[in-house]
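The structure under discussion appears below in the form of structure tokens.
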Amino acid sequence: MFENILIGLSSLSDPIMLAAIAAGVFGGVLIGILPGLTSTMGVALLIPVTFSMPPQVGLAMLGGIYLASTYSGAISAVLLNIPGTPAAVATLLDGHPMSRRGQSTRALALATFGSSIGGLLSVVALLFIAPPLAEFSLRFGSPEYFLLAVFGITVIASLSAGAMEKGIIAGALGLLLSTIGNHPLTGEMRFTMDLPSLYDGIPLVVSLIGLYSVPEVISMISKRKQSNKPVFNADKTNPMAFMPEMFKQKVNVLRSSLIGIIVGIIPGVGCSVGGFLAYDAAKRSSKKPEEFGNGSPEGVVASETSNNAVTGGTLIPLLTLGVPGNPVTAVLLGGIMIHGLRPGPDLFTLNADITYGFILSLFVANLLFVPVGLFVAKYCVRVIQIPRSILAPSILALAAIGSYSIRGSLDDVVIMLFVGAIGFLLQFFSVPRAPLVLGLVLGTLAEGELARSLALVHGDLGAFAAQLVTRPISAVILLLCCYALYQGIVQHRKNSKMLDE
């Protein structure tokens, strides 16, 4: 292995290789900032550009786009309360409140450093322990995936501190919206109103854009007296001044990285789920859980560290088994095969120079998006100093363009506005929106895996229940679900007593 690592390191001495990584990182940062331009879209658009490149150079550029775009969604989340990518949804829960308190630079610095560290640790896992981790992911069947989705849904209790009833309502609404479209097994259409644009369900990115951008725009417009004032002031602190703060949160960083890697190697889960699970774990172990949702630096670090740790995790089953962990790696699989490579054990032996060169290029990419991200964020911070009368219509126009660009359909713009209206109503009645997102993300996964699990036992509920208890991994996840619910109920009762006093 160490000989192969040395071969990979030698490829990094090629200036063309470094230029490709830099181009991928810079392009990825710009893609992630703009709502609607996802990591999947960025990688897909750049694959044709890499046709004429040597395989390791082309893959290095695609890897740089993947990592940098996953991180940079935090920039618009922190500054505008709009997640640039689904991975940044958990980040805005505390990132934007920090920005409103005049700590935008601190929030962006912590997000950048956390993303870089999480990404680096996940690449270490990819480099040294990929085969056993990939083998572990194969032990997950439909019952395990179903319980994993249920475990993610239990995070709603943590995201609804002080308002569990409202959080449950929002989560249930998200689960309901996730049932729109065709049934995962039978293909039966549900709640589509005969609109082709809803046959595949409500697009996640479109719903996220509407859920967060429209209420923000309405909030800006409603404050007429302040229409010519900036949204809030930006601090001009040097971002590097916040580096020592990361060492104070080393336990949070390591825990969040581990969660992200594990979530990443399980196909079909995704960065947003990793961010929420790490956020929930950080809140449960924090000495100041009441700060979460109100501008907690721990929340920003947990979310961003985890969602970028997911990126390396998703590449483990991709490179070792040829199983993509999420839509981005599914597109990346196409890029790998176009260059004449076949994922699997032979990739690490017969094509060791290309494979290890690609993996080590991810190290460089994770380090490089720190200066690039902070440089871009430095100028993006000025956005929050634009008067509301200009910023509000600009955000709405950007949301419409982003929604349209995903599938080239005006129906998606209408869906975005419809979900935005729901988001405004939730905001008006002080109902948290994060549980709705979690329900929407995990509802499809939970329903599909539940249907498959029942199909495997021919609809026998007793046999299905027995599977959940007798399968080792299922039993562990089931215990975690029960513990998470118990903790949520206890915390809710504590909050209720504090309010009564």
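Side chain of Ser99 to main chain of His96: no donor-acceptor pair is present (N/O by atom type, distance under 3.5 Å, no hydrogens or angles). Checked by atom type and distance alone, the side chain of Ser306 pairs as donor or acceptor with a backbone atom of Gly274 at under 3.5 Å. In this structure, the side chain of Ser72 engages the main chain of Gly28 through a donor-acceptor pair within 3.5 Å. The backbone N or O of Gly299 sits nowhere less than 3.5 Å from a side-chain atom of Ser303 that would complete a donor-acceptor pair. A donor-acceptor distance shorter than 3.5 angstrom exists from the side chain of Asp94 to the backbone of Gly293, with no hydrogens or angles considered. The backbone N or O of Thr112 sits nowhere less than 3.5 Å from a side-chain atom of Ser116 that would complete a donor-acceptor pair. When atom types are taken as modelled, the side chain of Arg106 and the backbone of Met98 share no donor-acceptor pair closer than 3.5 angstrom. Side chain of Ser76 to backbone of Ile33: a donor-acceptor contact under 3.5 angstrom is found.
The CD1 atom of Ile209 lies 11.5 Å from the CG atom of Leu396; values are rounded to the nearest 0.5 Å. Between atom CG of residue Leu79 and atom CG of residue Leu108 there is a gap of 5.0 Å, rounded to the nearest 0.5 Å. Annotation: the span from Arg284 atom CZ to Asp280 atom CG amounts to 4.0 Å, rounded to 0.5 Å. One finds the CZ atom of Phe146 at 10.0 Å from the CD atom of Glu449 (value rounded to the nearest 0.5 Å). Note: Leu445 CG to Leu148 CG = 7.0 Å, rounded to the nearest 0.5 Å. Distance check: Leu426 CG to Ile422 CD1 gives 7.5 Å after rounding to the nearest 0.5 Å.
Looking only at side-chain heavy atoms (C-beta outward), Leu360 and Val364 stay at 4.5 Å or farther from each other. Counting only heavy atoms from C-beta outward, the side chains of Leu126 and Leu362 approach each other to under 4.5 Å. Ile82 places none of its side-chain heavy atoms less than 4.5 Å from the side chain of Leu398. In this structure the side chain of Pro297 never reaches within 4.5 angstrom of the side chain of Gln103, judged on heavy atoms. Using a 4.5 Å cut-off on side-chain heavy atoms (C-beta onward), Tyr356 and Gln56 make no contact. Proximity of Leu436 to Val431: side-chain heavy atoms (C-beta onward) are nowhere separated by under 4.5 Å. In this structure, the side chains of Leu110 and Glu304 stay at 4.5 Å or more apart for every pair of heavy atoms. Between Leu93 and Phe276 the shortest side-chain heavy-atom distance falls below 4.5 Å.
Sorted by first and then second residue, the pairs that involve residues 286-296 and meet side chain to side chain donor-acceptor pair (under 3.5 Å), not counting sequence neighbours, are Ser286-Glu298.
Checked against side-chain contact (heavy atoms from CB on, under 4.5 Å), Leu254 has the following partners two or more places apart in sequence or in another chain: Leu121.
The heavy-atom pair separating Leu440 from Ser207 by the smallest distance is CD2-OG, 3.2 Å. When all heavy atoms are compared, the tightest approach of Ala107 to Val78 is CB-CG1, 3.8 Å. Closest approach of Ile75 to Gly373, counting heavy atoms only: CD1-O, 4.3 Å. Nearest approach of Phe358 to Leu59, heavy atoms of both residues: CE1-O, 3.2 Å. Taking each heavy atom of Met17 and Gly357 in turn, the nearest pair found is CE-O, 3.6 Å. Heavy-atom minimum distance, Ile259 versus Ala281: CD1-CB, 3.8 Å.
Checking each of Val89, Val273, Thr91 against Asn307 for a side chain to side chain contact (heavy atoms under 4.5 Å, CB included) leaves exactly one that passes, namely Thr91.
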Could you go step by step and tell me if Val57 and Met61 meet the side chain to side chain contact (heavy atoms under 4.5 Å, CB included) rule?
CA-CA 6 Å; Val57 175; Met61 178 181 286; 6.0 Å; no
Apply the test side-chain hydrogen bond (donor to acceptor under 3.5 Å, both in side chains) to residues Arg255 and Thr305: give CA-CA distance (whole Å), side-chain angles for both, the deciding distance (0.1 Å), then the verdict.
CA-CA 9 Å; Arg255 180 182 56 241; Thr305 301; over 6 Å; no
So Leu319 and Ile359, side chain to side chain contact (heavy atoms under 4.5 Å, CB included) or not? Walk me through it.
CA-CA 10 Å; Leu319 297 181; Ile359 294 174; 4.3 Å; yes
Trace of the side chain to side chain contact (heavy atoms under 4.5 Å, CB included) decision for Glu216 with Leu80:
CA-CA 8 Å; Glu216 197 70 21; Leu80 299 174; 5.9 Å; no
Check against side chain to side chain contact (heavy atoms under 4.5 Å, CB included), Phe242 and Met246:
CA-CA 7 Å; Phe242 301 106; Met246 296 301 298; over 6 Å; no
Begin with the C-alpha distance, continue with both residues' side-chain angles, and end with the deciding distance and a verdict on side-chain hydrogen bond (donor to acceptor under 3.5 Å, both in side chains) for Thr314 and Tyr66.
CA-CA 11 Å; Thr314 58; Tyr66 178 24; 2.8 Å; yes
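Taking the six-membered ring for Trp and thresholds of 30 and 60 degrees, Tyr71 and Phe369 have nearly parallel ring planes, at less than 30 degrees apart.
Atom CZ of Phe26 has 12 or fewer neighbouring heavy atoms from other residues, nucleotides or ligands inside a 6.0 Å radius.
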